[in-house]
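Step one of this worksheet: look at the structure below.
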2 protein chains.
Amino acid sequence: MTNDDSNVMETSGNRAGWKQDPEGVRSNILAIALEEFSRNGLSGARMDEIAARTRTSKRMIYYYFQDKEGLYRRVLEEAYRKVRRGEEALELDHSAPQDALRQLVEFTFDHHSRNPDFIRLVMIENIHHGEYLRQSEVIRNLNAAAIARVQIIYDKGVSDGVFRPGLTSLRIHWLISALSFFNVSNQKSFSLLFGEDLFSESGQTTLRTQASETVLRYVCKDLS
Amino acid sequence: MTNDDSNVMETSGNRAGWKQDPEGVRSNILAIALEEFSRNGLSGARMDEIAARTRTSKRMIYYYFQDKEGLYRRVLEEAYRKVRRGEEALELDHSAPQDALRQLVEFTFDHHSRNPDFIRLVMIENIHHGEYLRQSEVIRNLNAAAIARVQIIYDKGVSDGVFRPGLTSLRIHWLISALSFFNVSNQKSFSLLFGEDLFSESGQTTLRTQASETVLRYVCKDLS
DNA sequence: AATTTAATGTACTAGATAGTTAAATACGTC
DNA sequence: GACGTATTTAACTATCTAGTACATTAAATT
């Protein structure tokens, strides 16, 4: 009879007073998982490691996200959402087309540079042949905006007579992405093979200018 | 007495007549390992799977390459060597600078496109922060040639008065690499988000032209 | 021919890792 | 305030995986 109480006490330990906080727990898991997947890749990341760094336990990860791939998918979605939200900060519509385009390129360049975790996730996703990106309708709907932004600037530039006609916003967007993405994605290999000059603070400033110059020279009718 | 013979026979199986072929075995292992690492990444690749696809056994992989990382390092080195050998095929020194540069860009664009396994290895290596690239002195010595090739063309163009001065061969090489690399590395994510148009056969032809145009417009004094 | 060395095959193991089982605790609702 | 559901904990397991021990055969050397 009297033993029951003591048994319960013995195993209770620090479980005495915990508060429920589903949303907090979920977002805490996602934040840590983003770091781990981004650092180590899908197969490289360890569920035990993620769990340990979390304020909760491994069981909760499976409770909320089913399995490792489910967690990865949610991390990917969340990363895209966050980055796209960040892009909405840019406001440039009433500038001259050349200025607007320059601003767009330099903003994108900086934005990628500030979000290396996101870049790494996209790299990882490409390693996996876009398998998980393909499964997410959410993400696919977030990206029309990027093309539309270029389209507006380009159309204005053409009708102003400063941009050459015959280009497409898709290809201009591809060019901007290529320069901004590569700058982050291949920073390690490039600096190991060719030196660190381009990736110092001043090197990056110059490279950003080079990027916008490159795009402008590609799009403009005459060189300014 | 008489049992000894039969015992030996029973376990001998297909091991009767095998020939030694160290170099063949080594290169067979490397070729399969390249495919597996390139497809699945360092932590994603499975030693058992590599061994199974090999004409030899797992034991031999460890015999020749010590451990998984040792194998990966050799695969990386071999891939760089092979790709750099492929680049030596290009011969263009006595063309006009604009033509030479255009040829160089389009050659690089195609060369990357033909070697997706190599591109994937470089992506994977960047995910690993260039950890293994850093360890290989072999590779670091292979890359001066790429810059030198650009330098020759650029110097000629400047002294001919067709290229603008003040640029560096390093930055021009960075630009060429960015366009050629991104085209392969981000093909999956880009086509999933923005459609497959750029990656059809005709789309790629146009994109290659866009790449060389981009570089030329960046480098040339006046637009042709 | 005997002996040594290099190359290969087979079977195994220790540890890592994704995922589970079973039970306890908080919270909303009647 | 009793009851059912959502949330959380801790300990456990089956499997996967890198790496090894040990035996064996081909070639080189003497």
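The figures here come from the full heavy-atom set of this structure, side chains too, leaving out hydrogens, waters and symmetry mates. So you know, we letter chains A, B, ... as the sequences are listed, proteins then strands, and number each from 1.
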**Prompt:** Looking at B:F37 versus B:Y72, is the centre-to-centre ring distance below 6.0 Å?
**Reply:** yes

**Request:** State yes or no: are the ring centers of B:F118 and B:Y80 separated by less than 6.0 Å?
**Result:** yes

Under 4.0 Å, heavy atoms only, any strand: does [X] hit a base, just the sugar-phosphate, or nothing?
X     : answer
A:M60 : base
B:A51 : nothing
A:Y64 : sugar-phosphate
A:R46 : sugar-phosphate

**Asked** Does a side-chain N or O from A:S57 land closer than 4.0 Å to OP1 or OP2 of D:dT9, or not?
**Response**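 Affirmative; the distance criterion is met.
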
**Asked** Is the phosphate of C:dG9, meaning OP1 or OP2, less than 4.0 Å from a side-chain N or O of B:T56?
**Response**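 True: B:T56 side-chain N/O within range (under 4.0 Å) of C:dG9 OP1/OP2.
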
**Message:** Can you tell me which residue among A:N143, A:V122, A:L170 is in a side-chain contact (heavy atoms from CB on, under 4.5 Å) with B:F190?
**Reply:** A:L170

Measure the distance from [atom1] on [X] to [atom2] on [N] and round it to the nearest whole Å.
X     : N      : atom1 : atom2 : answer
B:D48 : D:dT15 : CG    : C1'   : 13 Å
A:I50 : C:dA18 : CD1   : P     : 8 Å
B:E36 : D:dA18 : CD    : P     : 11 Å
A:I61 : D:dT9  : CD1   : C1'   : 14 Å
A:R59 : D:dC12 : CZ    : C1'   : 13 Å
A:E49 : C:dA18 : CD    : C1'   : 15 Å
B:Y63 : C:dT10 : OH    : C1'   : 17 Å
A:E23 : C:dC27 : CD    : P     : 16 Å

**Fill in**
Regarding the side chain of B:M47, the nearest nucleotide among C:dA7, D:dT8, D:dA18 is D:dA18

**Complete:** 5'-most contact on DNA chain D (nearest-nucleotide basis), A:R55 vs B:K68, goes to A:R55

**Separation of B:I29 CD1 from B:L34 CG (nearest 0.5 Å)** = 13.5 Å

**Partner residues of B:S212 under the side chain to side chain contact (heavy atoms under 4.5 Å, CB included) criterion, sequence neighbours left out** =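 Listed in chain order: B:R102, B:V105, B:E106.
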
